[in-house]
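As the structure is a prediction and not an experimental result, all values here were calculated from the model. Side chains are part of it too, since the values below use all heavy atoms of this structure and drop only hydrogens, waters and symmetry mates.
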Amino acid sequence: MNETVVTLVGNAATSVEFRETATGGMARFRFAVTARRWDREKQLWTDGHTSFYTVWAWRTLAANLAGSVSVGEPLLVHGRLKVREEERDGQRRTFVDIEAVAVGHDLTRGTAAFRRVLRGDPTLTARSGRRDGPDGAGDVRGRGEAAERGRRRAAVAAGAAETPTQAQVGVMLRQEPIPELASAP
């Protein structure tokens with residue numbers, strides 16, 4: 001089957017919504033891409049039309065997005081383009097989605113510090129919910145674990161540095177200028 005693979009450069013238009021599913025984590029957010037062009041008459045850059053996409057991510061990428069991306073941050077999104085049409089209230093609407101393979105911060109517009117995710121960290125891979133035991137009764141787990149994961153994700157999203165998960169997850173943007181680059185042409 002042929003797939004259309006695209007790479008988009010733009011900004012996160014909404015916060016990342018993260019949910020645990022039966023197959024792992026799922027995340028989505030809206031992504032804005034605005035075309036820019038050089039106006040020779042005015043001698044300045046002008047903005048063109050803004051296109052909006054819904055970016056979907058699964059499993060580890062979804063968890064890392066939830067801990068790394070905030071509204072307005074410049075990103076590059078690489079993934080499969082999906083166009084779908086739906087009829088709502090008698091009107092046909094077209095939706096354009098990107099099933100992300102990779103997402104990263106746009107380093108032409110800022111700096112970032114990468115932190116590798118530890119594979120053995122159970123807070124990133126554990127799923128909440130019910131698991132059947134040998135007696136068929138199942139063990140109900142995840143209420144405390146899910147609450148703890150939610151608290152950690154909220155702390156990471158808020159920028160708190162208290163949780164060990166933040167040191168292991170995602171890309172953190174640096175806001176201060178780099179002195180040696182400040183004088184660069």
Side-chain angles (χ1 to χ4, degrees), residues 1-37 45-117 119 121 123-129 142 146 149-159 165-166 168-173:
M1 179 168 87
N2 292 332
E3 294 180 331
T4 304
V5 178
V6 296
T7 301
L8 302 172
V9 179
N11 294 305
T14 64
S15 60
V16 177
E17 296 175 33
F18 180 85
R19 278 188 235 141
E20 289 284 342
T21 66
T23 59
M26 183 276 301
R28 74 173 179 188
F29 67 97
R30 297 285 286 164
F31 189 62
V33 176
T34 302
R36 293 184 52 87
R37 65 177 181 82
W45 288 96
T46 58
D47 288 340
H49 177 73
T50 300
S51 298
F52 289 91
Y53 304 87
T54 301
V55 177
W56 297 86
W58 306 96
R59 294 174 287 287
T60 304
L61 178 56
N64 290 345
L65 277 171
S68 303
V69 174
S70 298
V71 175
E73 291 182 347
L75 301 172
L76 284 91
V77 175
H78 180 76
R80 291 178 285 279
L81 180 70
K82 310 275 184 174
V83 179
R84 59 188 167 87
E85 291 188 15
E86 292 181 10
E87 190 167 326
R88 291 187 184 171
D89 301 326
Q91 291 184 329
R92 280 197 85 64
R93 296 186 60 187
T94 302
F95 298 92
V96 182
D97 298 335
I98 307 295
E99 189 175 311
V101 173
V103 178
H105 285 98
D106 184 354
L107 298 180
T108 62
R109 298 173 42 201
T111 61
F114 178 79
R115 288 177 182 65
R116 187 173 304 277
V117 174
R119 290 182 186 215
D121 185 1
T123 62
L124 295 177
T125 57
R127 291 185 211 144
S128 63
R149 280 195 312 276
R151 186 189 69 72
R152 287 183 181 168
R153 282 194 191 98
V156 169
T165 307
Q166 182 179 5
Q168 301 164 355
V169 176
V171 177
M172 307 305 292
L173 286 179

Mind listing the closest non-hydrogen atom pair of [X] and [Y] along with its distance?
{"X": "F18", "Y": "A66", "answer": "CB-CB, 3.8 Å"}
{"X": "E87", "Y": "G90", "answer": "OE2-CA, 3.9 Å"}
{"X": "D106", "Y": "L76", "answer": "CA-CD1, 3.3 Å"}

Fill in: Those residues that, when tested against R19, pass salt bridge (charged side-chain N to carboxylate O under 4.0 Å, His left out) (two or more places apart)
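Once residues adjacent in sequence are excluded, the partners of R19 under the salt bridge (charged side-chain N to carboxylate O under 4.0 Å, His left out) criterion are E17.
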Worksheet item: How would you list all residue pairs meeting salt bridge (charged side-chain N to carboxylate O under 4.0 Å, His left out) that involve residues 62-72, not counting sequence neighbours?
Response: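 Every candidate salt bridge (charged side-chain N to carboxylate O under 4.0 Å, His left out) pair involving residues 62-72 fails, so no pair, neighbours aside, qualifies.
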Worksheet entry | Listed once per pair and sorted, the salt bridge (charged side-chain N to carboxylate O under 4.0 Å, His left out) pairs that draw on residues 46-56, sequence neighbours left out |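 Qualifying pairs: R36-D47.
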Worksheet entry | With T14 via side chain to side chain donor-acceptor pair (under 3.5 Å) - residues at least two apart |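 Testing T14 for side chain to side chain donor-acceptor pair (under 3.5 Å), a comparison that skips the adjacent residues, returns none.
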Discussion item. Would you call the rings of W56 and W58 parallel, tilted or perpendicular, taking 30° and 60° as the class edges?
Written reply: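 Judged by the thresholds at 30° and 60°, the geometry between W56 and W58 is parallel.
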Please list, one pair per line, the donor and acceptor atoms closer than 3.5 Å that link side chains of residues 93-104 to other protein atoms, with sequence neighbours excluded.
residue	atom	partner	partner atom	Å
D97	OD2	R84	NE	2.8
D97	OD2	R84	NH2	3.3
E99	OE2	R80	NH2	2.8

Just to verify, what does [X] make a side-chain contact (heavy atoms from CB on, under 4.5 Å) with, not counting sequence neighbours?
{"X": "D89", "result": "none"}
{"X": "A32", "result": "A13, T50, F52"}
{"X": "T4", "result": "V6, L81"}

Worksheet item: Is the number of heavy atoms from other residues, nucleotides or ligands under 6.0 Å of Q91 CD greater than 12?
Response: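 No, the 6.0 Å shell around CD holds no more than 12 heavy atoms from other groups.
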Discussion item. With a 3.5 Å distance limit and no angle check, can you tell me whether R116 reaches the backbone of F114 through a side-chain donor-acceptor pair?
Written reply: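 No; judged by distance alone, with no hydrogens or angles, the pair does not exist.
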Taking atom [atom1] of [X] and atom [atom2] of [Y], what is their separation to the nearest 0.5 Å?
{"X": "R59", "Y": "T21", "atom1": "CZ", "atom2": "OG1", "result": "8.5 Å"}
{"X": "S68", "Y": "E73", "atom1": "OG", "atom2": "CD", "result": "8.5 Å"}
{"X": "L65", "Y": "S15", "atom1": "CG", "atom2": "OG", "result": "12.0 Å"}

Discussion item. As a test of understanding, state which of T54, N11, V71 forms a side-chain contact (heavy atoms from CB on, under 4.5 Å) with R30.
Written reply: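 Filter result, single survivor: T54.
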Worksheet item: How about R28 and V16: do any of their side-chain heavy atoms sit closer than 4.5 Å?
Response: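 They are not in side-chain contact.
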